[in-house]
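Below you'll find the structure, written out as structure tokens, and then a few comments.
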Amino acid sequence: MKGSTHRRCYCRDPESGKPLGKKCPKLAGRKHGSYSIRQELPPHEDGTRRSFSRAGYESLKAAQADLDHVRALLGLAEADDTDGLAQIAELLETVADEKSPLPEIEATRRRLSHGLDLTSRLAVGEWLDMWLAGKKGRQTAISRDESNIRVHLKPRIGHLRLDRLRVAHLSEMFGAIAEANVEIAEGNAARRSAFEDLAQIPWKGREHRARRKALKAAIAEMEPYRRIVGPATRQRVRSTLRAALNAAIAQQLITFNPAAHVELEAGKRPKALVWTDERILHWKRTGEKPSPVMVWTPEQIGLFLDHIAEDRLYALFHLIAFRGLRRGEACGQKWTDTNLDAGLITVAKQLVVDGWEVYEDDPKTDAGARTIALDSDTVRVLGRHRAQQDKDRKEWESAWVETGRVFTRENGALLHPANVTRRFVELYEEISLPPVRLHDLRHGAATLAHAAGADLKDIQEMLGHSSITITADTYTSLLPEADLAIAEAAARLVPRAHAPTEEEPEPDNAGEPVPGDADPSGDIRKINSPSAHAPRTQTAPDGESEAE
């Protein structure tokens, strides 16, 4: 296809007013006029001609460079690729009409090879939707990515062009999230304060009713309680974006991943703390939990299990409390993977909640597929539970739903994990135990095992962690009793000439010489004398004394 460069000016004939064009006598001078380019493009579908034209170049070299650029773009499609040629022609027409810069050759090649529209500017939000639609893997992970994209990424950076996304954009986004956290905290505090004020207003009396009505109206206008986007959540948001941008790099849509270079505060795992008397008192006074992860003491676990001994889900809570199964693993446990005679269970499946839907999946990690030994008490509890389930099966007859699960609803159907959590909270609140999550029973199992002498590797295998670091960082809060025993044992390792003890009555021979306590000069040294423990000295060669 033909293309050319030419020089022209915009001078007009003084008499007719018509442009002189190439006939302008001043064009003989090198500095008069400017250069233009024209490149013929593939014709329209109806056969009409079209071309790319651009003017205003100060030099022939600049004009020729853009003409070569246009020809290189046309060369991206094979001669027999009519669709590709048509797309490039449409792209060049759009660029000419908008007087925008020529598109990069490699970027256009990538878009053309992936079947993307060349005339559109692929936005971050569009790419995130495309990436999510083709993502494979665990449904829970896909749901988490979908939530991160919908709640955080698309509203803040979805409108930006994918190929122009920079680290500065992401730093600004996470800065805005941090600022929003302040507003959320203030809004939550205001709403909480309003409810506290409402609780103080008496029910009876016209004036009180008017105040209550006004305060309720004010609460209705407030933002609902919202969760703070903490460091761990921000890390997960970045992880989602980084994975999506890595996929864009693999498809040659971009060459740089800004999500890999933005700096964020590290998301630390919360340390599990035990509900001591002091912490319970603080919680009752303020309503604040000392840590997001709280663990009951053995006495508190015992109170809970004694209280629920007749509950239909007692065996499930007992198993989690002593052997540390995850909620989904306990709900998904099958009788075929449970060997009470050998005292072993194999964790092979779990029930996962996506929204409100429940489906069966493999354990959370490869290490999650494990075999766990059962203590004799747990074996007896599961044996009684199986006998009761057999009775239920007979009572329900044909209406019984055979799922093969160890723990089921009354008719044998699958348990919904969220309902199990709800029932757990109801049961411990009945006896006013301090609040813990159902997952914290798993933490308690790790703590009990550690206090009983299990090392971190044993606990890692029991809990099904892929890394022993997770076990060490999160699940091994020592019970106060075990911690005290370790402190005492450590103190006894250091030999002392005079151990600091409580005052004892002086012996009858106090003040009398003790055999072996006389120095060579015959002087008597008291054991409690400070000089008895002073360093002995010797004479140095220069006559001074130094400590040994």
Do the charged groups of Lys457 and Asp455 touch, with an N to O distance under 4.0 Å?
no
Is a salt bridge present between Glu461 and Arg370, judged by a nitrogen-to-oxygen distance below 4.0 Å?
no
Give the intermediate values and the outcome of side-chain contact (heavy atoms from CB on, under 4.5 Å) for residues Leu170 and Leu165.
CA-CA 8 Å; Leu170 303 188; Leu165 186 64; 4.2 Å; yes
Donor-acceptor pair, distance only, cut-off 3.5 Å: does the side chain of Arg50 make one with the backbone of Glu40?
no
Over 60° means perpendicular and under 30° means parallel, so tell me whether His416 and Trp356 are parallel, tilted or perpendicular.
parallel
Would you say the side-chain atoms of Asn181 pair up with the backbone N or O of Val229, donor to acceptor, closer than 3.5 Å?
yes
Indicate yes or no: at least one non-hydrogen side-chain atom of Gln139 is less than 4.5 angstrom from one of Glu357.
no
Gap separating the CG atom of Leu122 from the CZ atom of Arg164, nearest 0.5 angstrom:
12.5 Å
Tell me, do Leu319 and Phe407 make a side-chain contact under 4.5 Å, heavy atoms counted?
yes
In this structure, CG of Leu85 is separated from CG of Asp83 (nearest 0.5 Å) by 9.0 Å
Determine the minimum heavy-atom distance between Ile459 and Ala449, stating which atoms define it.
CG1-CB, 4.2 Å
For Thr5, what residues pass the side chain to side chain contact (heavy atoms under 4.5 Å, CB included) criterion, not counting sequence neighbours?
Ile37, Leu60, Ala63, Gln64, Leu67
Residues Arg71 and Gln39: side-chain donor-acceptor under 3.5 angstrom:
yes
Checking the side chain of Asp440 only, and the main-chain atoms of Arg437 only, is there a donor and an acceptor separated by less than 3.5 Å?
yes
Show your reasoning for whether side-chain contact (heavy atoms from CB on, under 4.5 Å) applies to Phe317 and Leu438.
CA-CA 9 Å; Phe317 296 130; Leu438 177 55; 3.9 Å; yes
Would you indicate whether the side-chain heavy atoms of Leu102 and Asp66 approach each other to under 4.5 Å?
yes
Evaluate Asp392 against Trp400 for side-chain contact (heavy atoms from CB on, under 4.5 Å), listing each step before the verdict.
CA-CA 8 Å; Asp392 294 341; Trp400 177 264; 3.8 Å; yes
CG (Asn246) and CH2 (Trp131) are apart, to the nearest 0.5 Å, by 10.0 Å
What closest approach, in Å, do Ala445 and Ala321 show between heavy atoms, and which atom pair accounts for it?
CB-O, 3.3 Å
Exercise: do Arg54 and Ser36 side chains pair donor with acceptor under 3.5 Å:
no
Do the side-chain N and O atoms of Thr233 and Arg236 include a donor-acceptor pair separated by under 3.5 angstrom?
yes
Flag, side chain of Glu186 to backbone of Glu183, donor-acceptor distance under 3.5 Å:
no
Minimum heavy-atom separation for Val295 to Ala272, with atom names?
CG2-CB, 4.0 Å
Distance-only donor-acceptor check, side chains Thr338 and Gln333, under 3.5 Å
yes
Please answer whether the main-chain N or O of Leu463 pairs with a side-chain N or O of Arg442 as donor and acceptor at a distance below 3.5 Å.
yes
For Ser171 and Val167, indicate whether the former's side chain and the latter's backbone hold a donor-acceptor pair under 3.5 Å.
yes
Could you measure the distance from the CG atom of Leu441 to the CZ atom of Phe424? Nearest 0.5 Å is fine.
4.0 Å
Is it the case that atom CD in Glu402 sees more than 12 heavy atoms from other parts of the structure closer than 6.0 Å?
yes
How many angstroms lie between CZ in Arg327 and CD in Gln350, if you round to the nearest 0.5 Å?
10.0 Å
Mark yes or no for whether His69, through its side chain, and Pro103, through its backbone, hold a donor-acceptor pair below 3.5 Å.
yes
Within the structure provided, determine whether Lys289 and Pro435 are in side-chain contact (heavy-atom separation under 4.5 Å).
yes
Ile177 side chain reached by Arg234 side chain, heavy atoms, under 4.5 Å:
yes
Would you say Arg423 has more than 12 foreign heavy atoms packed within less than 6.0 Å of its CZ?
yes
Assess the side chains of Asn188 and Arg191: does a donor N or O sit below 3.5 Å from an acceptor N or O?
no
Is any side-chain heavy atom of Ile345 less than 4.5 Å from a side-chain heavy atom of Glu329?
no
Where do Leu92 and Phe52 come nearest, in terms of heavy atoms and distance?
O-CD1, 3.4 Å
Between Asn257 and Ile249, is there a side-chain heavy-atom distance shorter than 4.5 Å?
yes
Judged by atom type as modelled, is there a donor-acceptor pair below 3.5 Å linking the side chain of Arg212 to the main-chain atoms of Leu198?
yes
Stepwise, does the side chain to side chain donor-acceptor pair (under 3.5 Å) test hold for Gln389 with Trp335?
CA-CA 11 Å; Gln389 192 179 83; Trp335 283 117; 2.8 Å; yes
Looking at side-chain heavy atoms only, is the closest gap between Leu245 and Phe256 below 4.5 Å?
no
Assess whether a salt bridge exists between Arg138 and Asp361, defined as any Lys/Arg side-chain N lying under 4.0 Å from an Asp/Glu carboxylate O.
yes
Shortest non-hydrogen contact from Leu273 to Ser291?
CD1-CB, 3.7 Å
Salt bridge (charged side-chain N to carboxylate O under 4.0 Å, His left out) partner of Asp145, chosen from Lys154, Lys135, Arg150, Arg238:
Lys135
Would you call Lys334 and Glu360 a salt bridge, using N to O less than 4.0 angstrom?
yes
Is there a donor-acceptor contact under 3.5 Å from the side chain of Trp127 to the main chain of Ala244?
yes
N/O donor-acceptor pair under 3.5 Å between Arg409 side chain and Leu415 backbone
no
Tightest non-hydrogen contact, residues Leu344 and Ala373, listed as CD2-CA, 3.7 Å
Working to the nearest 0.5 Å, report the span between CG of Leu153 and CD of Glu146.
11.0 Å
Just wondering, are more than 12 heavy atoms of other shown residues or ligands nearer than 6.0 Å to CD in Glu172?
no
Under the side-chain contact (heavy atoms from CB on, under 4.5 Å) criterion, do Phe174 and Val237 qualify, and how do the steps go?
CA-CA 10 Å; Phe174 286 112; Val237 171; 4.2 Å; yes
Have Thr346 and Asp337 got a donor and an acceptor in their side chains that come within less than 3.5 Å?
no
